[in-house]
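Because only heavy atoms are used, hydrogens play no part in the values below, and waters and symmetry mates are left out as well, while side chains stay in. Heads up: numbering here begins at 1 and tracks the sequence. Order of listing sets the numbers, starting from 1, for every ligand and every atom in it.
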Amino acid sequence: MSSATERREALKRIYLDEAKDCRRCPLHQTRTNVVFGAGDADADLMFIGEAPGRTEDELGLPFVGQAGKLLDKLLGEIGLARENVFVANVLKFRPPGNRDPQPTEIEQCRDYLDRQVELIEPRVICTLGNFSTKLLRADTTGISRLHGQEEIRAVGPRAVRLYPLYHPAAALYPPSTLETLREDFLRIPALLALPVPDQPEPVPDVPEIEDKPEPEPVAAATADPADQLGLF
Ligand code: URA
């Protein structure tokens with residue numbers, strides 16, 4: 001169990017050392033900013049969307065456009081705010097023209113998400129829409145069949161309570177989807193009050209054969225990257 005500060009620092013390191021200049025997939029050629037994820041590094045509740053849109057790409061922050069405003073509103077209705085949760089996406093880069101994420105992009109980006117979950121240790125993960133739901137459930141069942149039904153699933157080395165929800169962008173229209181999303185949201189506080197799921201036995205570290213060279217010292221950043229990242 002890490003302190004909130006340790007989690008925040010570990011997330012910053014992944015962002016600075018890997019995600020910021022990531023070239024794992026061709027999306028790095030077209031993106032403006034990395035949208036790594038933002039919010040409370042010690043959150044009990046995590047939301048996982050699909051991929052950054054235009055506004056997110058411009059600002060480097062997740063869910064800051066129309067869908068994000070709806071997310072904020074629904075959070076407010078259950079007494080929560082962005083600072084209380086952590087919000088990330090399946091993809092950290094915007095696909096051009098907001099096209100669907102491709103399977104290879106999802107696969108290449110996946111380990112960032114697993115490590116975010118491993119570090120933050122949320123009690124509940126709300127997957128928003130089809131892409132994150134299918135990814136974290138490793139199953140093709142769609143969101144219209146699964147929304148509002150929680151289950152315990154392994155995400156990386158963590159067992160978490162997974163709670164699929166409609167994507168807020170899908171709830172901007174029609175009103176019936178918004179009402180369903182709102183009803184599903186109302187159950188979140190009760191899910192957060194449930195005990196943390198039993199965790200799998202940790203996998204023992206494999207002993208290293210050779211000593212790794214000491215990493216080069218990282219040049220002091222001029223500004224705190226957490227400000228840019230939106231970490232709390
Ligand atoms: N839609 C998403 O799935 N993620 C965002 O960050 C914004 C819109």
Side-chain angles (χ1 to χ4, degrees), residues 11 14-15 19-20 22 25 27-28 30-41 43 45-76 80-110 112-117 120 122 124-137 142-144 146-147 155 162-174 177-178 180-182 184-185 188 226 228-232:
L11 283 174
I14 297 174
Y15 168 72
K20 197 164 133 311
C22 184
C25 79
L27 293 180
H28 75 268
T30 48
R31 56 94 173 163
T32 311
N33 281 300
V34 183
V35 182
F36 182 66
D40 181 4
L45 178 59
M46 198 166 161
F47 289 89
I48 304 177
E50 181 178 317
R54 183 195 292 275
T55 318
E56 289 78 18
D57 178 58
E58 280 166 10
L59 300 178
L61 293 168
F63 281 94
V64 283
Q66 286 285 94
K69 291 196 173 56
L70 178 55
L71 179 62
D72 289 346
K73 187 164 187 285
L74 293 167
L75 276 173
L80 293 173
R82 277 301 176 99
E83 307 85 80
N84 309 125
V85 303
F86 194 88
V87 181
N89 282 304
V90 168
L91 296 189
K92 309 305 187 212
F93 293 166
R94 180 191 184 208
N98 295 350
R99 66 151 168 75
D100 282 351
Q102 301 298 297
T104 50
E105 295 159 359
I106 294 174
E107 196 186 315
Q108 282 155 343
C109 215
R110 162 100 208 217
Y112 288 125
L113 191 56
D114 283 345
R115 284 191 287 160
Q116 286 175 318
V117 172
I120 296 166
V124 176
I125 294 182
C126 294
T127 50
L128 301 173
N130 269 318
F131 281 92
S132 53
T133 302
K134 289 180 181 179
L135 180 69
L136 295 201
R137 295 187 74 256
I143 192 65
S144 49
L146 292 170
H147 75 88
V155 180
L162 208 67
Y163 189 50
L165 298 173
Y166 278 119
H167 194 291
L172 292 171
Y173 186 88
T177 309
L178 176 57
T180 306
L181 179 58
R182 181 170 270 131
D184 290 345
F185 245 79
I188 293 177
Q228 190 187 340
L229 257 182
L231 290 181
F232 297 99

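Here the protein heavy atom with the shortest distance to atom 2 (C) of ligand 1 is Ala51 O, 3.1 Å.
For ligand 1 and His167, the ligand atoms under 4.0 Å from any heavy atom of the residue are 1 (N), 2 (C), 3 (O). Distances below 4.0 Å separate heavy atoms of Gly49 from the following atoms of ligand 1: 3 (O).
Taking the side chain as every heavy atom from C-beta outward, Leu113 and Leu136 approach each other to under 4.5 Å. Using a 4.5 Å heavy-atom cutoff, the side chains of Val87 and Arg82 are in contact.
Taking each heavy atom of Lys134 and Gly142 in turn, the nearest pair found is CE-CA, 4.1 Å.
A donor-acceptor distance shorter than 3.5 angstrom exists from the side chain of Asn89 to the backbone of Glu50, with no hydrogens or angles considered.
Under 3.5 Å, the side chains of Thr127 and Ser132 contain no donor-acceptor pair of N or O atoms.
The distance criterion of under 3.5 Å between nitrogen or oxygen atoms is met by Phe63 with respect to ligand 1.
With atom 4 (N) of ligand 1 as the reference point, the heavy atom nearest to it among Asp57, Asn98, Leu61, Asn89 is part of Asn89.
Of the heavy atoms in Glu50, both backbone and side-chain atoms come closer than 4.0 Å to ligand 1.
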